[in-house]
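Presented below is the structure to which this report refers.
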Amino acid sequence: MSESDPENSLIEKAASLIREAGKATALTGAGISAESGIPTFRGKDGLWQKYDPEELATESAFRQNPERVWEWYWFRIDLVRKAKPNPGHLALAEMERLHPDFMVMTQNVDGLHFRAGSRNVLEFHGNIMRARCTSCGRKFDVDEIKREKLPRCPECGDLLRPDVVWFGESLDPDVLEKADKRARETDLLLVVGTSLLVYPAASIPLLAKEREARIIEVNLEETYISAEADISFRNKAGEVLPLIAERLRRYYENRS
Ligand code: BV8
Ligand code: ZN
């Protein structure tokens, strides 16, 4: 399907599905930050093209060549610093303000949902703006550490690493448990800008589907959930989400 303006009737339907949902949850991926200038992982200009994250975003890559890995992260940290939340992030923050029980689960490590105003956010894969000591485990905001080839822990002097979950590393058990619980109880899942290829995040829509949650997808391409979704928008997140949020706001205003 070519990208065309999202149909008004679908926007209406999406907004009413969210309004009717007791618990509404958004699962987001790199696609929601693409319009903030942060390359996705698999897109044509994606991170996967210049660097292979499967080769760099791993503990073994870091052990073998920490400078190389830090070089990649400093490059991405600069991108994130310059980036601003886009209308897609802002719309999800608006939905959280409007809806009584709205959560964002994100695979992204850029912190843009929080900067957009979302507060009920679960970060599956950590946050690139934080570093963690490989020895004492203390965490630091990257703005607090010196921009060195091999950043050292201000407390114990050992090597710092980005505070993100690499391939082959398990997610924080507490995050996993919260995500699993929410996926099994949500009435509506809004899947935005993710290719749904990275597990365990990619299994969230299946868990939601198991309990007949309604599913709305926003993605420029098909994913494994497209055919199962109640609505699958082939549009940009920054275009569709504000229209849905606007419609939702009108619902709530008319009701009060
Ligand atoms: C785990 C942080 C248990 C780092 C990330 C072998 C050994 C070990 C594990 C595995 C293995 N084989 C498979 C696995 C499991 C592995 C996995 O799933 N691999 C995949 C590649 C098959 N998972 C793991 O390792 C996870 N841990 O399983 O632990 C374990 C432990 C030991 C051994 C076995 C199991 C940890 C995974 C977390 C990895 N860390 N990020 C960093 O970022 O630096 S993942 C990283 O990639 C991102 O965070 C994100 O989650 C993912 C990219 O996915 P997307 O967000 O979906 O982005 P993508 O570019 O793919 O898609 C963008 C989409 O947006 C596209 O569909 C596009 O059409 C759309 N789009 C673009 N623009 C727009 C848009 N849509 C709307 N609007 C637009 N404007
Ligand atoms: Zn330390």
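For the numbers below, each heavy atom of this structure counts, side chains included, while hydrogens, waters and symmetry mates do not. In what follows, residues are counted from 1 in the order of the sequence shown. Note that ligands are numbered from 1 as they come in the structure, with each ligand's atoms numbered from 1 the same way.
With the Zn ion (ligand 2) as the vertex, SG (Cys153) and SG (Cys133) define an angle of 110°, rounded to 10°. With the Zn ion (ligand 2) at the apex, Cys136 SG and Cys156 SG define an angle of roughly 120° (rounded to 10 degrees).
Those atoms of ligand 1 with a heavy atom of Gly29 less than 4.0 angstrom away are 56 (O). Atoms of ligand 1 lying under 4.0 Å from at least one heavy atom of Gly168, given by number and element, are 8 (C), 9 (C), 24 (C), 25 (O), 31 (C), 32 (C). The ligand atoms of ligand 1 that sit less than 4.0 angstrom from a heavy atom of Gly31 are 63 (C), 65 (O), 71 (N), 72 (C), 73 (N), 74 (C), 75 (C), 78 (N), 79 (C), 80 (N). Near Ala34, meaning under 4.0 Å from any of its heavy atoms, are these atoms of ligand 1: 73 (N). Heavy-atom contacts of Ala30 reach the following atoms of ligand 1: 55 (P), 56 (O), 58 (O) (cutoff under 4.0 Å). Each of the following atoms of ligand 1 lies closer than 4.0 Å to a heavy atom of Glu35: 78 (N), 79 (C), 80 (N). Proximity to Lys236 (heavy-atom distance under 4.0 Å) selects the following atoms of ligand 1: 78 (N), 80 (N). Distances below 4.0 Å separate heavy atoms of Tyr73 from the following atoms of ligand 1: 4 (C), 42 (C), 44 (O).
Contact annotation: for Ile128 versus ligand 1, there are no heavy atoms closer than 4.0 Å. Residue contacts with ligand 1, taken as heavy atom pairs separated by less than 4.0 Å, do not involve Phe124 at all. Within the 4.0 Å heavy-atom criterion, the part of Glu169 lying near ligand 1 is the backbone and not the side chain.
Comment: Glu35 does not engage Lys236 in a salt bridge, judged by the lack of any side-chain N to carboxylate O separation of less than 4.0 angstrom. Under 4.0 Å is where a charged nitrogen must lie from a carboxylate oxygen, and between Arg249 and Glu246 at least one such pair does. The residues Arg184 and Glu210 are annotated as salt-bridged, a charged nitrogen and a carboxylate oxygen being separated by less than 4.0 angstrom.
An N or O contact shorter than 3.5 Å links Ser195 to ligand 1 by distance. Among the atoms of Val198, none of the N or O lies under 3.5 angstrom from an N or O of ligand 1. The distance criterion of under 3.5 Å between nitrogen or oxygen atoms is met by Tyr199 with respect to ligand 1. Looking at ligand 1, you'll find an N or O of Gly193 within less than 3.5 Å of one of its N or O atoms. Residue-to-ligand polar distances place Val165 within reach of ligand 1: an N/O pair is separated by less than 3.5 Å.
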For Trp166 and Ser60: C-alpha separation, side-chain torsions, deciding distance, then whether side chain to side chain contact (heavy atoms under 4.5 Å, CB included) applies. CA-CA 10 Å; Trp166 281 330; Ser60 55; over 6 Å; no
Check the pair Thr134 / Asp158 against side chain to side chain donor-acceptor pair (under 3.5 Å), numbers first and verdict last. CA-CA 7 Å; Thr134 51; Asp158 271 355; 5.5 Å; no
Passes side chain to side chain donor-acceptor pair (under 3.5 Å), Ser232 versus Arg234? Steps please. CA-CA 6 Å; Ser232 188; Arg234 271 307 149 274; 3.1 Å; yes
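Side-chain heavy atoms closer than 4.5 Å link hydrophobic residues (I, L, V, M, F, W, Y) into clusters, and following such links, even through other members, never connects Leu188 to Leu206.
In this structure the side chain of Ile216 reaches within 4.5 angstrom of the side chain of Phe233, judged on heavy atoms. No side-chain heavy atom of Arg182 sits under 4.5 Å from any side-chain heavy atom of Leu27.
Atoms OG and CD, on Ser226 and Glu217 in that order, are 3.5 Å from each other to the nearest 0.5 Å.
Not a single heavy atom of Glu239 sits closer than 4.0 Å to an atom of ligand 1. By the 4.0 Å heavy-atom criterion, Ala201 is excluded from the residues contacting ligand 1.
Cation-pi geometry between Arg119 and Phe114 is met: under 6.0 angstrom from the ring centre, within 45 degrees of the axis. Note that Arg76 lies in the cation-pi zone of Trp72, set by a 6.0 Å cut-off to the ring centre and a 45° limit from the axis.
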